[in-house]
**Q** 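I have a structure I would like to understand better, so I am pasting it below and will then ask my questions one at a time.
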Amino acid sequence: MAENNSYIRIIRDIREDHDLSQQDVAEILGTSQTMYSRYERGASELPIRHLIRLAEYYGVSTDRLLGLK
């Protein structure tokens, strides 16, 4: 079973692996850098629509982003 907040680390790591800033990803998602920063810190939960968009953008499954096997 994945840790409840494992996606927080994963979305930060995959963003950094793609050499993107928080602002870059915020623009991809159609949100503000401040809001995206809240997702990476766990201060706000990542909406499902953003999870799906990130999976499409990075070419990975939503399970991968959520840390599920």
Side-chain angles (χ1 to χ4, degrees):
M1 183 96 180
E3 184 182 314
N4 283 344
N5 291 329
S6 64
Y7 79 90
I8 294 168
R9 176 185 45 78
I10 293 167
I11 65 169
R12 183 194 67 232
D13 289 349
I14 199 167
R15 173 181 62 78
E16 291 174 349
D17 288 348
H18 283 80
D19 295 321
L20 297 171
S21 68
Q22 287 183 343
Q23 181 64 41
D24 294 332
V25 177
E27 289 174 10
I28 291 163
L29 297 178
T31 192
S32 68
Q33 181 276 327
T34 302
M35 193 68 229
Y36 183 76
S37 174
R38 291 180 58 84
Y39 302 149
E40 282 196 2
R41 287 182 290 131
S44 295
E45 287 192 15
L46 185 69
I48 291 172
R49 70 182 182 279
H50 290 335
L51 174 69
I52 293 167
R53 179 68 186 116
L54 289 175
E56 290 171 343
Y57 182 81
Y58 293 129
V60 298
S61 70
T62 54
D63 283 356
R64 164 106 191 287
L65 292 177
L66 294 171
L68 302 172
K69 301 281 182 213

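Not measured: the values here are computed from a predicted model. Throughout, numbering of the chain's residues begins at 1 and tracks the sequence.
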**Q** Does Asp63 have any side-chain hydrogen bond (donor to acceptor under 3.5 Å, both in side chains) partners at least two apart in sequence or in another chain, and if so, which?
**A** none

**Q** Does anything in residues 17-44 form a salt bridge (charged side-chain N to carboxylate O under 4.0 Å, His left out)? List the pairs, not counting sequence neighbours.
**A** Arg15-Glu40

**Q** Heavy atoms only: give me the nearest Ser6-Gly67 pair and the separation to one decimal.
**A** OG-CA, 3.9 Å

**Q** In this structure, are over 12 heavy atoms from other groups packed under 6.0 Å from Glu45 atom CD?
**A** no

**Q** Where do Tyr58 and Val25 come nearest, in terms of heavy atoms and distance?
**A** OH-CG2, 3.6 Å

**Q** Write down the atom of Tyr7, the atom of Ser44, and the distance for their closest heavy-atom approach.
**A** OH-O, 4.1 Å

**Q** Report the residues that fulfil side-chain hydrogen bond (donor to acceptor under 3.5 Å, both in side chains) with Arg12, sequence neighbours left out, ordered by chain and then residue number.
**A** none

**Q** Same cluster or not: are Ile52 and Leu68 linked, directly or through other Ile, Leu, Val, Met, Phe, Trp or Tyr residues, by side-chain heavy atoms under 4.5 angstrom apart?
**A** no

**Q** At what distance, to the nearest 0.5 angstrom, does CD of Gln23 lie from OG of Ser37?
**A** 11.0 Å

**Q** Under the side-chain contact (heavy atoms from CB on, under 4.5 Å) test, which residues partner Leu51, sequence neighbours left out?
**A** Leu46, Thr62, Leu65, Leu66

**Q** According to side-chain contact (heavy atoms from CB on, under 4.5 Å), who are the partners of Arg53, at least two apart in sequence or on a separate chain?
**A** Ile28, Leu29, Glu56, Tyr57

**Q** Excluding sequence neighbours, so at least two apart, what forms ring-ring contact (aromatic ring centres under 6.0 Å, His included) with Tyr39?
**A** His50

**Q** Shared ILVMFWY cluster between Val60 and Ile8, side chains joined below 4.5 angstrom?
**A** yes

